[in-house]
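Keep in mind that the numbers below use all heavy atoms, side chains included, and drop hydrogens, waters and symmetry copies.
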Amino acid sequence: MIERSLVIIKPDGVERSLVGEIIKRFENAGLKLVGMKMVWIGKKFAEEHYHAHSKKPFFKELVEFITEGPVVAFAIEGVHAVDNARRLVGDTSPHRAAPGTIRGDFAHLSMEYASKKGLGGKNLIHASGSKNEADEEIRLWFTKEELHSYSTVHEKHVF
Ligand code: IDP
Ligand code: MG
């Protein structure tokens, strides 16, 4: 049940200076940071990360959006980390994301609106959608040496 998940603060989140605010929410929930990097990904890497969406009508715009500036990627570890990260992130479309979630608190647009404008949906953050997706994405974004095992001081009470 102890899982790892991949989280990416997208270019809109970095450019809006929300990196600290967003990371804090995962730390506050007791999820352990096990790897982290800032990287400006290219088109090929973006297409690989989002390969599951390659047939979607918004694929080109999504790749443009995720490569328009640097992102901050981090891997977290904890009980049901995949589901827990999605819960903190909120619904894909910020207009449906509950207040208290990252997308609900810091954005409000809808995917329909983004598509109408011919843009990728700027929803601040990515979190793996399933355990399989998480394993695949962590392998894509991090080498073994970039992932760390250590104990946090409060692990006794949160894990
Ligand atoms: P998720 O990020 O909540 O897992 P996915 O359905 O996997 O959502 O979509 C990946 C990303 O593609 C979204 O986070 C968003 O940035 C973008 N996206 C999803 N649907 C649309 C759309 O209808 N128009 C434009 N962009 C979209
Ligand atoms: Mg997804």
Side-chain angles (χ1 to χ4, degrees), residues 1-54 56 59 62-94 97-107 120-159:
M1 267 182 236
I2 302 282
E3 300 171 343
R4 286 181 169 184
S5 189
L6 182 81
V7 179
I8 304 164
I9 304 173
K10 297 178 178 180
D12 53 334
V14 173
E15 287 171 31
R16 288 178 55 187
S17 305
L18 288 171
V19 172
E21 173 65 43
I22 288 172
I23 292 170
K24 186 179 77 176
R25 290 172 176 232
F26 292 89
E27 288 190 318
N28 283 353
L31 289 155
K32 192 202 299 190
L33 288 167
V34 293
M36 181 176 293
K37 59 173 73 167
M38 180 181 242
V39 40
W40 194 327
I41 62 169
K43 188 165 178 264
K44 200 164 163 273
F45 189 92
E47 286 173 350
E48 199 169 340
H49 171 75
Y50 277 126
H51 69 86
H53 295 299
S54 63
K56 302 268 173 69
F59 184 63
L62 175 58
V63 169
E64 270 163 21
F65 161 43
I66 203 72
T67 57
E68 76 181 37
V71 301
V72 172
F74 55 98
I76 45 157
E77 183 180 286
V79 182
H80 302 297
V82 172
D83 280 354
N84 268 310
R86 297 288 292 193
R87 185 174 57 87
L88 295 174
V89 164
D91 195 283
T92 301
S93 199
T101 66
I102 293 162
R103 288 168 173 165
D105 282 351
F106 297 107
K122 298 198 173 189
N123 55 5
L124 299 166
I125 184 162
H126 165 86
S128 308
S130 66
K131 174 78 170 60
N132 282 347
E133 206 177 284
D135 294 343
E136 186 185 357
E137 290 175 356
I138 289 172
R139 262 198 312 274
L140 175 67
W141 284 79
F142 291 95
T143 65
K144 257 194 180 149
E145 292 70 35
E146 291 171 329
L147 295 166
H148 308 286
S149 290
Y150 64 99
S151 297
T152 58
V153 288
H154 58 283
E155 214 160 280
K156 179 181 168 192
H157 299 296
V158 298
F159 274 28

Q: For the atom pair NE2 (H126) and OG (S5), what is the distance rounded to the nearest 0.5 Å?
A: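 Between H126 NE2 and S5 OG, I get 7.0 Å after rounding to 0.5 Å.
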Q: Is a side-chain donor or acceptor of R16 paired with a backbone partner of F106 at a separation under 3.5 angstrom?
A: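 Yes; judged by distance alone, with no hydrogens or angles, the pair exists.
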Q: Please confirm whether the backbone N or O of S151 pairs with a side-chain atom of E155, one donor and one acceptor, at under 3.5 Å?
A: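 Absent.
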Q: Using every non-hydrogen atom in the two residues, find where I76 and A85 come nearest and quote the distance to one decimal.
A: CD1-CB, 3.8 Å
Q: Evaluate the side-chain proximity of T101 to D91: yes if any heavy-atom separation is below 4.5 Å, no if none is.
A: no
Q: Can you tell me how far apart CG (L33) and CD (E77) are? Round to the nearest 0.5 Å.
A: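 Nearest 0.5 Å value for the CG-CD distance: 10.5 Å.
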Q: Compare all side-chain heavy atoms of Y50 with those of K56 and state whether any distance is below 4.5 angstrom.
A: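 SC-SC contact between Y50 and K56 ruled out.
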Q: Less than 4.5 Å apart, side chain to side chain, heavy atoms only: is that true for F159 and T152?
A: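 No, too far: nothing below the 4.5 Å cut-off.
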Q: I'd like to check E27 versus I23 (side-chain heavy atoms, cut-off strictly below 4.5 Å). Are they in contact?
A: yes
Q: Looking at N123 and T92, would you say the former's side chain and the latter's main chain have a donor-acceptor pair under 3.5 Å?
A: yes
Q: Is there a donor-acceptor pair closer than 3.5 Å between any side-chain N or O of W40 and the backbone N or O of V71?
A: no
Q: Is it true that E47 and K43 have a side-chain N and a carboxylate O under 4.0 angstrom from each other?
A: yes
Q: Looking only at non-hydrogen atoms, find the nearest pair between L88 and A29 and report the distance.
A: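 Here L88 and A29 meet closest at CD1-CB, 4.1 Å.
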Q: Do R25 and N28 have side-chain N/O donor and acceptor atoms under 3.5 Å apart?
A: no
Q: Between D105 and G100 (side chain of the first, backbone of the second, donor and acceptor by atom type, cut-off under 3.5 Å), is there such a pair?
A: yes
Q: Rounded to the nearest 0.5 Å, how far apart are NE2 of H49 and CG of L62?
A: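 Interatomic distance, H49 NE2 to L62 CG, rounded to 0.5 Å: 8.0 Å.
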Q: Starting at CD1 of I22, measure out to CZ of R103 and round the result to the nearest 0.5 Å.
A: 10.0 Å
Q: Closest approach of I125 and K10, non-hydrogen atoms and distance?
A: O-CE, 3.4 Å
Q: Do V34 and R4 make a side-chain contact, defined as non-hydrogen atoms from C-beta onward lying under 4.5 Å apart?
A: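 Yes, their side chains come closer than 4.5 Å.
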Q: Can you tell me how far CD of E15 sits from CD1 of I9, rounded to the nearest 0.5 angstrom?
A: 13.0 Å
Q: For K131 and D135, what are the C-alpha separation, side-chain angles and deciding distance, and is it a salt bridge (Lys or Arg N to Asp or Glu O under 4.0 Å)?
A: CA-CA 6 Å; K131 174 78 170 60; D135 294 343; 3.0 Å; yes
Q: Please report the closest heavy-atom contact between V14 and P70, naming both atoms and the distance.
A: CG2-O, 3.4 Å
Q: Within the side chain of K32, is there an N or O that forms a donor-acceptor pair under 3.5 Å with the backbone of Y150?
A: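 Here the side-chain-to-backbone pair exists.
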Q: Ignoring hydrogens and angles, tell me if any N or O in the side chain of E146 forms a donor-acceptor pair with the backbone of G35 under 3.5 Å.
A: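 It does not hold such a pair.
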Q: Report yes if some heavy atom in the side chain of E137 is under 4.5 Å from a heavy atom in the side chain of I8; otherwise report no.
A: no
Q: Taking the side chain as every heavy atom from C-beta outward, state whether E48 and L140 have any atom pair closer than 4.5 Å.
A: yes
Q: Looking only at non-hydrogen atoms, find the nearest pair between A75 and L147 and report the distance.
A: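 Taking A75 first and L147 second, the nearest heavy atoms are CB-CD2, 3.9 Å.
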Q: Could you check, using the six-membered ring where one of them is a Trp, whether F45 and W141 have ring centers closer than 6.0 angstrom?
A: yes
Q: Does the side chain of F26 come within less than 4.5 Å of N84's, by heavy atoms?
A: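 When only atoms from C-beta onward are counted, F26 and N84 do not touch, as no gap falls below 4.5 Å.
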Q: Passes salt bridge (Lys or Arg N to Asp or Glu O under 4.0 Å), K122 versus E68? Steps please.
A: CA-CA 11 Å; K122 298 198 173 189; E68 76 181 37; 2.9 Å; yes
Q: Under 3.5 Å, is there a donor-acceptor pair between the side chain of R86 and the main chain of A127?
A: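 Such a contact is found between R86 side chain and A127 backbone.
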Q: Hey, what do you get for CG (D12) to CZ (F65), rounding to the nearest 0.5 Å?
A: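 Between atom CG of D12 and atom CZ of F65 there are 4.0 Å.
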Q: Grab the two heavy atoms, one from V63 and one from A46, that are nearest each other, plus how far apart they are.
A: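 Closest approach of V63 to A46: CG1-CB, 4.0 Å.
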Q: Quick one: does any side-chain atom of E133 pair with a main-chain N or O of S128 as donor and acceptor, under 3.5 Å?
A: no
